[in-house]
Engineer: 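Have a look at this one.
Lettering of chains follows the sequences in order, A, B, ..., and the numbering in each one begins at 1.
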4 protein chains.
Amino acid sequence: MDAEATAGDDRQESVRRFKRDLIRDAAKRVFSEKGIAGASVREIAKAAGYTTGAIYTYFATKEELYAAVLRDSLAALHAEVTTASPDGAVPGGRAEAALRALWTFYDTRRSDFELGFYLYGGARPVGLTRDLDRELNAALDAVMDHIGAGLVADGLASPEEAHHLAVTSATWVFGLLLMTKTGRLRSLHEDAEALLTTYLATLNPTMTRKDRP
Amino acid sequence: MDAEATAGDDRQESVRRFKRDLIRDAAKRVFSEKGIAGASVREIAKAAGYTTGAIYTYFATKEELYAAVLRDSLAALHAEVTTASPDGAVPGGRAEAALRALWTFYDTRRSDFELGFYLYGGARPVGLTRDLDRELNAALDAVMDHIGAGLVADGLASPEEAHHLAVTSATWVFGLLLMTKTGRLRSLHEDAEALLTTYLATLNPTMTRKDRP
Amino acid sequence: MDAEATAGDDRQESVRRFKRDLIRDAAKRVFSEKGIAGASVREIAKAAGYTTGAIYTYFATKEELYAAVLRDSLAALHAEVTTASPDGAVPGGRAEAALRALWTFYDTRRSDFELGFYLYGGARPVGLTRDLDRELNAALDAVMDHIGAGLVADGLASPEEAHHLAVTSATWVFGLLLMTKTGRLRSLHEDAEALLTTYLATLNPTMTRKDRP
Amino acid sequence: MDAEATAGDDRQESVRRFKRDLIRDAAKRVFSEKGIAGASVREIAKAAGYTTGAIYTYFATKEELYAAVLRDSLAALHAEVTTASPDGAVPGGRAEAALRALWTFYDTRRSDFELGFYLYGGARPVGLTRDLDRELNAALDAVMDHIGAGLVADGLASPEEAHHLAVTSATWVFGLLLMTKTGRLRSLHEDAEALLTTYLATLNPTMTRKDRP
DNA sequence: CATGAATGAGCATTCATTCAT
DNA sequence: CATGAATGAATGCTCATTCAT
């Protein structure tokens, strides 16, 4: 009896999780199309095949929905970066691979970058935000550690410098994303790929010397 | 008589300009406190000591208000960057001075960075926007040219590379600003000043070689 | 089970229709009291016992509300005219009956006339308007056809002349309504009923000759 | 001295009247372009070459401005109708000429008809309205008398019937104007001129018999 | 006489959230 | 669990009118 109930609970629980994810993904789609500020709960509900009120069964607040989307995005980012530059890979391009993965991840996804950086930029009401902020930081830190490990493996940094240099280089990638997403790069007639190559070259002085004798 | 009338017109005109600036500055204050998206015309009016309708005597549209604030910000940015790194200065640190000025300008002003970069982030309706976008681009371009000239003067870039390298380095500064403004830097336990120093060092291979023999 | 659900849907649907009609009727009342231009959504909502926002659950736009009221009015007009002068009636007074019904309908309803004729008077923005305009035209045409059929049945017009004469006579009735509703008739010390009788007499030359030997 | 002052007062008075008329005419122009409801005091002022506040030196209220425009329109109407069908003219077409003049006057002027009939149709706030209403009525009455005189002169009515028949026929013309101005005539595929001819024929049984033997 | 800044009430519409069913 | 009606506050903007200058 107890086991059955538990099994039933589990099934119910997993169904609930499934539906929650459905709504979360719908939200993400709407964010991409209308921008984060332009997405209303009504529209997200419609995109998910639900009515407005049903959303609140799964997310107490619009901000919780934001959080779920962001969490999902961060998990995907981590997966992508570690896949692109696995821990066991041979040295020589691990840092570059990680940084390129970081760039590609946000470049190809319409709303993820905005979600991660814009949403918590302003002086917005707090709430669940505190926890979410911690998660965002943890995810970011993990990515930094991965880049740092790559830099060490590639012989571009000592273990002590690793984190500092990882943040330095990731910062540049975020800057490039900002310039691209806001259309400034286009107006400056510069190409993201070319800039990326230039920047990565400065990371590795050996390559730099070879390229410019 | 004629002169008197003209003088009167001038006085009136300058009073108008003064009040317009008052409202613009109030808007800027509200932008800083509530974020740009969260600032309503009502609140701006209240902050300026006016009723809502009065704002429309000076700005036909909320977007025109945005424009005025942004324009003011861009003019100040340009002034600050060129002052910090004058055209006639002796080589040796002109690029660094310009980049540091870029950093300091946005670091010390609460809403200017958001204003310049996020206004065009979403899928917003257009309008006067087109013109404003052009202005923003022109201002940004002028800053890039200035940094580029510094790089050439400092012997860090050939004239052909100047623009490309200027954008590359400014991109990094913008990335740093983004990390700082969103609180990511703090959570990563990194210091903006230290990162800035690290980055500027990589710009100058001579220094780099000295630092890392 | 299925049947129950359907029944539930039906009940809900009919409740919705009922409430929609309630709002529509409240709108009509407000139109009557304040004039169509003077009626605000706020006031209509209050008259219907709702908050402002609730109106938008039933009508996406103020113009849709207009449309619903006008549609209702046109349906009632058509019903009244065809009832007053049924297709199968014996000749001799069918046209007169139809024209009198047209008169009575608009005479006794405060805002219907204004609704039908003034909504498109100004240089208003379009929208759903196009469709609504078509409906109005179709309804008017149907009434004209009915009057025309009466004229033919009564021997007052050949089938070719029917439409032309129907419009001619309906035009007069609309003129009378305009004079009445704007209070001009009263100030000219004329009586609508007497004028109507006079006009109807000119429609039928036989009667005219009898009256004036 | 006294005489001089009076002369001065007169000149001032006539200048004032002149400027008043300027504003009135500007208002009329704006009414024609934007519709009466769509005309704001600001826009009228601009069209007259004044600033907003200046209008209130000449007209205490927007409604007084309406009144002035309407008064002017009524005077013009009276002039046009009496010119088209002078008192001394030979009988035979005087009534028709007057009715045609009535039609042409309102047909060719965009806003006059709306002004005369719409403005005072609704349940609007009163005020100066009472007096204006009387003027409108007097003007209308004069036109009716003129049409009536024509009917008598043309042998279409006895002096006792004159007013009654004048109102009857003018009512039809107003109906035609309403149908035309609101676009209903076009949608019914009827032509104003043809309808007018048809109606005028029914006015004169003699002509009718000749035309349709 | 003329200006134009300022008021204050008003407008249609949107939206996150709640809750009876 | 899901619905969708309802709330209430907010938003950008317009407008007739007033009044100090």
Engineer: Using the test side-chain contact (heavy atoms from CB on, under 4.5 Å), find all partners of Asp21(A) that sit at least two apart in sequence or belong to another chain.
Structural biologist: Arg24(A)
Engineer: Expressed in angstrom and rounded to an integer, what is the separation of Arg17(C) atom CZ from dG4(F) atom P?
Structural biologist: 15 Å
Engineer: Got a second to check how far Leu132(C)'s CG is from Glu64(C)'s CD, nearest 0.5 Å?
Structural biologist: 10.5 Å
Engineer: Leu22(C) has an atom CG; how far is it from atom C1' of dA5(F), in whole Å?
Structural biologist: 14 Å
Engineer: So if I define the base as every atom that isn't primed, P, OP1 or OP2, how would nucleotides 15-21 of chain E read as a B/S/- string at a heavy-atom cutoff under 4.0 Å?
Structural biologist: BBBB---
Engineer: Kindly express the pairing pattern of DNA chain F in dot-bracket notation, using | wherever a base pairs with another strand and counting only Watson-Crick or G-U pairs under 3.5 Å.
Structural biologist: .||||||||||||||||||||
Engineer: Which pairs pass ring-ring contact (aromatic ring centres under 6.0 Å, His included) with one or both residues in residues 20-57 of chain B, sequence neighbours excluded?
Structural biologist: Phe31(B)-Tyr66(B)
Engineer: Between Asp131(B) and Arg134(B), is there a salt bridge with N-O shorter than 4.0 Å?
Structural biologist: yes
Engineer: For a quick test of reading the model: is some side-chain N or O of Arg16(A) closer than 4.0 Å to OP1 or OP2 of dC1(F)?
Structural biologist: yes
Engineer: Report the distance from atom NZ of Lys46(A) to atom P of dA2(F), rounded to the nearest whole Å.
Structural biologist: 19 Å
Engineer: Nearest whole angstrom, please: distance from the P of dA5(F) to the CG of Asp21(C).
Structural biologist: 14 Å
Engineer: Sequence neighbours left out, cut at 3.5 Å: what donor-acceptor pairs do the side chains of residues 39-47 of chain B make with other protein atoms?
Structural biologist:
| from | atom 1 | to | atom 2 | distance (Å) |
| --- | --- | --- | --- | --- |
| Ser40(B) | OG | Glu43(B) | N | 3.2 |
| Glu43(B) | OE2 | Lys34(B) | NZ | 2.7 |

Engineer: Using atom CD1 of Ile55(D) as one end and atom P of dA2(E) as the other, report the distance to the nearest whole Å.
Structural biologist: 10 Å
Engineer: Between atom NZ in Lys34(C) and atom C1' in dG10(E), what is the gap in whole Å?
Structural biologist: 13 Å
Engineer: Enter the distance from Leu115(C):CG to Ser73(C):OG here, rounded to the nearest 0.5 Å.
Structural biologist: 6.0 Å
Engineer: Between Arg20(A) (CZ) and dA2(F) (C1'), how many Å, whole number?
Structural biologist: 17 Å
Engineer: Taking OP1 and OP2 of dT7(E), is either one under 4.0 Å from a side-chain nitrogen or oxygen of Thr51(B)?
Structural biologist: yes
Engineer: Using the test side-chain hydrogen bond (donor to acceptor under 3.5 Å, both in side chains), find all partners of Ser32(D) that sit at least two apart in sequence or belong to another chain.
Structural biologist: Ser111(D)
Engineer: For Thr57(B) and Arg16(B), run side-chain contact (heavy atoms from CB on, under 4.5 Å): C-alpha distance rounded to whole Å, both residues' side-chain angles, the deciding distance at 0.1 Å, then the answer.
Structural biologist: CA-CA 10 Å; Thr57(B) 306; Arg16(B) 185 182 165 83; 4.1 Å; yes
Engineer: Examine dC1(E): is either OP1 or OP2 under 4.0 Å from a nitrogen or oxygen in the side chain of Tyr50(D)? Give yes or no.
Structural biologist: no
Engineer: In whole angstroms, how far is the C1' atom of dA16(F) from the CD1 atom of Ile23(D)?
Structural biologist: 15 Å
Engineer: So Arg71(C) and Leu136(C), do their side chains get closer than 4.5 Å, heavy atoms only?
Structural biologist: no
Engineer: Counting any heavy atom closer than 4.0 Å, what does Phe59(C) reach on the DNA or RNA strands: base, sugar-phosphate only, or nothing?
Structural biologist: nothing
